[in-house]
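One structure is given here, and the rest of the page talks about it.
Convention: sequence-line order gives letters A, B, ...; per-chain numbering from 1.
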2 protein chains.
Amino acid sequence: MDDLQRAIEKRKSTDPEFAENFDKGYEEFKIGVLLKEARKSAGFTPEALAEKLNTKKSAISRIENHADDIRLSTLYNYAEALGKKIKVTIQ
Amino acid sequence: MDDLQRAIEKRKSTDPEFAENFDKGYEEFKIGVLLKEARKSAGFTPEALAEKLNTKKSAISRIENHADDIRLSTLYNYAEALGKKIKVTIQ
DNA sequence: CGCCTTGTTCACTTATTTGTTAACATTCGC
DNA sequence: GCGAATGTTAACAAATAAGTGAACAAGGCG
């Protein structure tokens, strides 16, 4: 079971509403997990990334766990600090 | 010249900083244009879409022209009202 | 041109996110 | 288990986006 699967199961067990709606297509949630995985694979702790972004690790944690209510520009900054790019498409 | 090209040229002519940075890869700007094109192809005027989103046409205009500093959830709502889905990836 | 629709911008208020600190939880190595 | 590093959550102030109304600009169409 990979990180994404684990995170989903964990959230399902602690958030009944999420569990109920997951199969209906709540995609937003996954973004935070993608961000977190990108950060880890780039070898950053939340604190290290926070420093690069001139903020604090608590803010990083908030981004990764509530990625549906963040600003697009915040998303861009986060990705840029990892040397990655955010791609937004509409389909 | 399509809408995207036209919009880029217009902004280049009125926003020197944008013009200077465009070729460096400022992708964010394009999102607003994508949204606007999606709205048009779905046959919505700003006012009609605004009504669906319980807001006003001025808000729609703001979203389409300043799409880099909007909330992700706003983006989702906008797309959902058009029967489309926003996809965010990191690469 | 003159009129109507569409679209943009501004100013103001309200709602929400972000920065920050501190407390708490979790994970990992010893 | 214990301690240290990593990660999460809550609360508050400060910054910023969204809601709104009105004035203005641009685009068709008669």
Side-chain angles (χ1 to χ4, degrees), chain A residues 1-4 6-11 13-15 18 28-29 31-82 86 88, chain B residues 1-4 6-11 13-15 18 28-29 31-82 86 88:
Chain A
M1 191 160 80
D2 67 359
D3 273 7
L4 177 55
R6 205 179 339 267
I8 289 173
E9 292 309 318
K10 179 180 178 184
R11 178 130 169 202
S13 68
T14 58
D15 185 342
F18 171 78
E28 301 89 16
F29 163 67
I31 299 164
V33 179
L34 291 179
L35 291 175
K36 183 187 274 195
E37 289 187 333
R39 171 178 60 77
K40 284 182 181 171
S41 77
F44 283 97
T45 65
E47 197 151 23
L49 182 57
E51 193 168 353
K52 252 199 144 180
L53 288 168
N54 290 318
T55 181
K56 301 291 181 286
K57 61 178 179 174
S58 57
I60 302 296
S61 191
R62 186 168 44 197
I63 289 170
E64 292 173 352
N65 291 295
H66 301 279
D68 46 332
D69 42 43
I70 65 175
R71 282 192 286 238
L72 218 41
S73 55
T74 303
L75 209 55
Y76 289 130
N77 292 337
Y78 184 109
E80 190 180 3
L82 295 176
I86 294 290
V88 180
Chain B
M1 190 161 77
D2 66 0
D3 272 8
L4 178 55
R6 205 181 337 269
I8 290 172
E9 291 310 317
K10 179 180 178 187
R11 177 131 169 200
S13 68
T14 58
D15 184 342
F18 171 79
E28 302 88 17
F29 163 67
I31 297 165
V33 179
L34 291 179
L35 290 175
K36 183 187 274 193
E37 290 188 332
R39 170 177 61 75
K40 285 182 181 171
S41 77
F44 284 97
T45 65
E47 197 151 23
L49 182 58
E51 193 167 352
K52 254 199 144 180
L53 288 169
N54 291 317
T55 183
K56 303 287 180 286
K57 61 177 178 176
S58 56
I60 302 296
S61 191
R62 185 169 43 196
I63 288 171
E64 293 172 351
N65 291 296
H66 301 281
D68 46 332
D69 42 42
I70 64 175
R71 289 184 229 153
L72 217 41
S73 55
T74 303
L75 209 54
Y76 289 130
N77 292 337
Y78 184 109
E80 191 181 3
L82 296 176
I86 295 290
V88 181

Could you list the residues that satisfy side-chain contact (heavy atoms from CB on, under 4.5 Å) with B:Lys52, not counting sequence neighbours?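 Listed in chain order: B:Phe44, B:Ala81.
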To the nearest Å, how far apart are [X] [atom1] and [N] [atom2]?
X       : N      : atom1 : atom2 : value
A:Tyr78 : C:dT17 : OH    : P     : 18 Å
A:Glu64 : D:dT6  : CD    : P     : 14 Å
A:Ile63 : C:dT20 : CD1   : C1'   : 14 Å
B:Ile60 : D:dG21 : CD1   : P     : 15 Å
B:Tyr76 : D:dA18 : OH    : C1'   : 18 Å
A:His66 : D:dA10 : NE2   : C1'   : 10 Å

Closest heavy-atom contact between B:Leu35 and B:Tyr78?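 Reported closest heavy-atom pair: O-OH, 3.2 Å.
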Out of C:dT6, D:dT8, C:dT18, whichever nucleotide has its closest atom nearest the side chain of A:Ile70: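 The answer is C:dT18.
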Mind listing the residues from residues 50-58 of chain B sitting with a heavy atom below 4.0 Å of DNA chain D? Number order is fine.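 Nucleic-acid contacts, sorted: B:Asn54, B:Thr55, B:Lys56, B:Ser58.
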Could you check whether any side-chain heavy atom of B:Leu72 comes within less than 4.5 Å of a side-chain heavy atom of B:Ile86, counting everything from C-beta outward?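 No; the side chains remain at least 4.5 Å from each other.
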Quick check on side chain to side chain contact (heavy atoms under 4.5 Å, CB included): which of A:Leu82, A:Thr55, A:Ile63 does A:Leu49 satisfy it with?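 The option that passes is A:Leu82.
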Would you list the protein and nucleotides 12-16 of chain D atom pairs, both N or O, that sit under 3.5 Å from each other?
residue, atom, partner, partner atom, Å
D:dT16, O4', A:Arg71, NH1, 3.3
D:dT16, O3', A:Arg71, NH1, 2.9

When all nucleic acid strands are considered with a 4.0 Å heavy-atom cut-off, which category describes B:Ser61: base, sugar-phosphate, or nothing?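 Contact class for B:Ser61: base.
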To the nearest 0.5 Å, tell me how far A:Lys36 NZ sits from A:Ser41 OG.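 One gets 13.5 Å once the value is rounded to the nearest 0.5 Å.
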From B:Thr45 atom OG1 to B:Arg39 atom CZ, the distance as rounded to the nearest 0.5 Å: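 B:Thr45 OG1 to B:Arg39 CZ: 7.0 Å, rounded to 0.5 Å.
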More 5' along DNA chain D: B:Ala59 or A:Phe44, using each one's nearest nucleotide?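 By nearest-heavy-atom nucleotide position, the 5'-most residue is A:Phe44.
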Please compare B:Ser73 and B:Arg39 by the position of their nearest nucleotide in DNA chain C and report the one closer to 5'.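 By nearest-heavy-atom nucleotide position, the 5'-most residue is B:Arg39.
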